[in-house]
Student: 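My questions will all concern the structure given below.
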Protein chains: 2
Amino acid sequence: MGLCAAVGRKLQTEAGGAPGSPPLDAGTQTISARRTICHPNERSEFVPIVCQGWAALSVAMPDGRRQILSFLLPGDIVSMAGFFGPMSGRIVEAITDVTVRSFKRSDLQALLFKDTALFETVMKAWLEEEERGIQLAVDLGRRTANERLARLILNLADRLAKRGKLHGQSMEFPLRQHHIADASGLTPVHVSKVLGEFQRAGLIEINNRALTIIDAVALRRTGGML
Amino acid sequence: MGLCAAVGRKLQTEAGGAPGSPPLDAGTQTISARRTICHPNERSEFVPIVCQGWAALSVAMPDGRRQILSFLLPGDIVSMAGFFGPMSGRIVEAITDVTVRSFKRSDLQALLFKDTALFETVMKAWLEEEERGIQLAVDLGRRTANERLARLILNLADRLAKRGKLHGQSMEFPLRQHHIADASGLTPVHVSKVLGEFQRAGLIEINNRALTIIDAVALRRTGGML
DNA sequence: CGGCCCTTTGACGGACGTCAAATAGCGTGG
DNA sequence: CCACGCTATTTGACGTCCGTCAAAGGGCCG
């Protein structure tokens, strides 16, 4: 499964801690859909991990435009970079109801320097995160709307599969079209048109906040993932 | 000055090394303009630093499209992430003639774990690099062509100023329009139109591979940097 | 002088955005 | 259970930004 989620899971179990030692985590909270978890300039010393539900990590521009950097799935650490510095200027918003567990950065760092294997794992996970950021830039700079959406769907399916949350070819799909638009650099209207086209072409089906991939081969082809 | 360049400079001086100790660096090379420094799948154990000249770090797609992730200026480490893992799938291309100095990753890591201050600095530089990557994604996803180009010019001017390479409001500007296009997700033709427009509007002037900013305020305004 | 890039320019086309109206869900409260 | 209001989605007409294509200059170097 994804390294980031693996680290997240490890931290969650370790947080139980040996009896007698203070608990590692700094609290668990539940946030309801459409609320924001982290405000912009919050120079927080905490590193949040999503335990349940979907969230979005994004950047907002003063005029209201915004870009979603990634969708956070259960087990995801909001940002690996958060281990080493505050994430200022970023917004985390709950898409579904979400439970988050927060860790103190200083605690995590102490843990990191005691456990070489953990350190290695965190670094690898950070590299993976950077790689996904770069693929995002390539998508936004050089791919068409159809390519971007096909890839978005396939990437989500992959990530859910690694968590055992892909049932056959179906997955829960709580995203609103404006989320998809903000993640892919498009408008909600255009997202609607492309997704409609995908469904009419028999590539996917969307029903009841669930998405099923009907023709994975064709979907990969339109995403340029040959 | 930029942290990345600061680290690069520190490594370059340190590479002289104490007499008697083996030199830290693994060689310096000169690459002429338009040649590629790092091939794609080269799973290299080396971390290159640009000492002179301009280079471009990019990702190429199989069909020929490409996205430039950053322009590398003298002192820049190609990628901070390179400290912790190979940069596969990335291409570094010399824009001008370039001299590069390479370090062995394992040497760098050893150095890092002995010198806590250096470690801190490298982490901070990595965070900065990530921040610039995210700004790239926001630009590509949510900004117009004019905004992107205004910001590209201003960012380059800033980075050159930190290196003492901004003379008044003028800087050397060896980029071809196809470089600018690949960095901003546009076509060379459209880049030409927008830059022409900027010049006719009295924002900038480009002559002899040099760019001077005539109206910094207006340029910042069109870049949305109020 | 001739060839090669690079840049500029204009006409045209297409992908995507904007606007607006109609429809569908969905939760809340009567 | 229905009425209501809100938000999300769909659809069509139309507009615009940017891409494509093509031709015509520059600059540079052999």
Side-chain angles (χ1 to χ4, degrees), chain A residues 32-35 54 56 61 63-68 93-97 139-150 152 172-201 204-211 222 224, chain B residues 32-35 54 56 61 63-67 93-97 139-150 152 173-201 204-211 222 224:
Chain A
S32 53
R34 291 190 53 87
R35 304 206 87 81
W54 291 38
M61 296 169 57
D63 60 5
R65 290 178 287 184
R66 63 176 204 156
Q67 176 65 47
I68 290 181
E93 178 196 322
I95 293 173
T96 64
D97 290 354
D139 286 354
L140 295 175
R142 288 305 188 198
R143 289 191 195 272
T144 66
N146 289 34
E147 287 177 295
R148 290 180 214 174
L149 294 189
L152 180 61
E172 285 183 38
F173 198 75
L175 301 181
R176 307 282 141 162
Q177 293 186 349
H178 72 82
H179 293 123
I180 303 177
D182 285 335
S184 58
L186 303 169
T187 56
V189 176
H190 197 65
V191 169
S192 172
K193 287 170 182 166
V194 174
L195 290 184
E197 185 188 315
F198 280 6
Q199 297 188 72
R200 268 174 264 116
I204 60 171
E205 245 177 48
I206 302 183
N207 281 319
N208 297 327
R209 311 278 132 208
L211 185 153
T222 98
Chain B
S32 52
R34 293 190 54 87
R35 304 206 87 81
W54 291 39
M61 296 170 57
D63 61 5
R65 290 178 287 184
R66 63 177 205 158
Q67 177 66 46
E93 178 195 323
I95 293 173
T96 63
D97 290 353
D139 287 354
L140 295 176
R142 288 306 188 197
R143 290 190 196 272
T144 66
N146 290 33
E147 287 177 296
R148 290 181 214 173
L149 294 189
L152 180 62
F173 198 74
L175 301 181
R176 307 281 142 164
Q177 294 186 349
H178 72 83
H179 292 124
I180 303 177
D182 285 336
S184 58
L186 303 169
T187 56
V189 176
H190 197 65
V191 169
S192 171
K193 286 170 184 166
V194 174
L195 290 184
E197 186 188 313
F198 281 6
Q199 297 189 71
R200 267 173 265 118
I204 60 171
E205 245 177 49
I206 303 183
N207 279 320
N208 296 328
R209 311 280 134 204
L211 186 154
T222 98

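Side-chain atoms are counted along with the backbone in the values below, which use heavy atoms only and exclude waters and symmetry mates. In the text below, chain A, chain B and the rest are named by the order of the sequence lines, each starting its count at 1.
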Student: Only counting residues at least two apart or in another chain, list the ones meeting side chain to side chain contact (heavy atoms under 4.5 Å, CB included) with B/Thr187.
Tutor: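 Applying side chain to side chain contact (heavy atoms under 4.5 Å, CB included) to B/Thr187 gives B/Val189, B/His190.
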
Student: For B/Thr96 and B/Trp54, indicate whether the former's side chain and the latter's backbone hold a donor-acceptor pair under 3.5 Å.
Tutor: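 Yes; judged by distance alone, with no hydrogens or angles, the pair exists.
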
Student: Reading DNA chain C in the 5' to 3' direction, which nucleotide is the first one with an atom under 4.0 Å from a heavy atom of chain A, and which is the last?
Tutor: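 So the outermost contacting nucleotides come out as C/dC16 to C/dC19.
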
Student: Report the end-to-end axis angle of the helix from C/dC1-D/dG30 to C/dG30-D/dC1; each axis comes from five terminal pairs, and the value is rounded to 10°.
Tutor: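 Comparing the first five pairs with the last five, the axes sit 30° apart.
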
Student: Just jot down the side chain to side chain contact (heavy atoms under 4.5 Å, CB included) partners of B/Asn207, sequence neighbours excluded, or say none.
Tutor: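 B/Glu205.
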
Student: Does atom CG of A/Asp63 have more than 12 heavy-atom neighbours, drawn from other residues, nucleotides or ligands, at distances under 6.0 Å?
Tutor: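 Result for CG/A/Asp63: enclosed.
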
Student: With no hydrogens and no angle check, just 3.5 Å: does a side-chain donor-acceptor pair link B/Asp139 and A/Gln67?
Tutor: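 No pair is found: no donor N or O on one side chain lies under 3.5 Å from an acceptor on the other.
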
Student: Specify the separation, in whole Å, of atom CZ of B/Arg176 and atom P of D/dG26.
Tutor: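 Those two atoms, CZ and P, are 18 Å apart.
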
Student: Can you confirm whether B/Leu195 sits close enough to B/Ile180 that some side-chain heavy atom of one is under 4.5 Å from a side-chain heavy atom of the other?
Tutor: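 In contact.
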
Student: Short question: side chain of A/Arg34, backbone of A/Ile95 - any donor-acceptor pair under 3.5 Å?
Tutor: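 Here the side-chain-to-backbone pair does not exist.
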
Student: Could you state the atom-to-atom distance from CZ of A/Arg34 to P of D/dT7 in whole Å?
Tutor: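 Value for this atom pair: 7 Å.
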
Student: Round to a whole Å and report the spacing from CG of B/Asn207 to P of D/dG27.
Tutor: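 In whole Å, D/dG27 P and B/Asn207 CG are 10 Å from each other.
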
Student: If you count the non-hydrogen atoms of other residues, nucleotides and ligands that lie under 6.0 Å from CD in B/Glu147, is the total more than 12?
Tutor: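 Buried by this count: over 12 neighbours within 6.0 Å.
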
Student: Kindly determine whether B/Phe198 and B/Thr222 satisfy side-chain contact (heavy atoms from CB on, under 4.5 Å), including the steps that lead there.
Tutor: CA-CA 10 Å; B/Phe198 281 6; B/Thr222 98; 4.0 Å; yes

Student: Could you walk me through whether B/Arg65 and B/Asp182 pass salt bridge (charged side-chain N to carboxylate O under 4.0 Å, His left out), step by step?
Tutor: CA-CA 8 Å; B/Arg65 290 178 287 184; B/Asp182 285 336; over 6 Å; no

Student: Which residues in residues 177-184 of chain B have at least one heavy atom lying under 4.0 Å from any atom of DNA chain D?
Tutor: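 Per residue number, the list is empty: none.
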
Student: CZ of A/Arg209 versus P of D/dA8: gap in Å, rounded?
Tutor: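 Taking CZ of A/Arg209 and P of D/dA8, I get 9 Å after rounding.
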
Student: Is there a side-chain contact between A/Asn146 and A/Glu197 in this structure, where contact means two heavy atoms from C-beta onward sitting under 4.5 Å apart?
Tutor: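 A/Asn146 reaches A/Glu197 side chain to side chain.
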
Student: Name the pairs: protein N/O against N/O of nucleotides 15-19 of chain D, kept only if under 3.5 Å.
Tutor:
from	atom 1	to	atom 2	distance (Å)
D/dC18	OP1	B/Ala145	N	2.9
D/dG19	OP1	B/Thr187	N	3.4
D/dG19	OP2	B/Thr187	N	3.4
D/dG19	OP2	B/Thr187	OG1	3.0

Student: Donor-acceptor pair, distance only, cut-off 3.5 Å: does the side chain of A/Gln199 make one with the backbone of A/Gly196?
Tutor: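 No; zero donor-acceptor contacts below 3.5 Å.
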
Student: Can you tell me if B/Arg142 uses its side chain to pair, donor with acceptor, with the backbone of A/Arg66 under 3.5 Å?
Tutor: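 Side chain of B/Arg142 to backbone of A/Arg66, a donor-acceptor pair under 3.5 Å: yes, one is there.
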
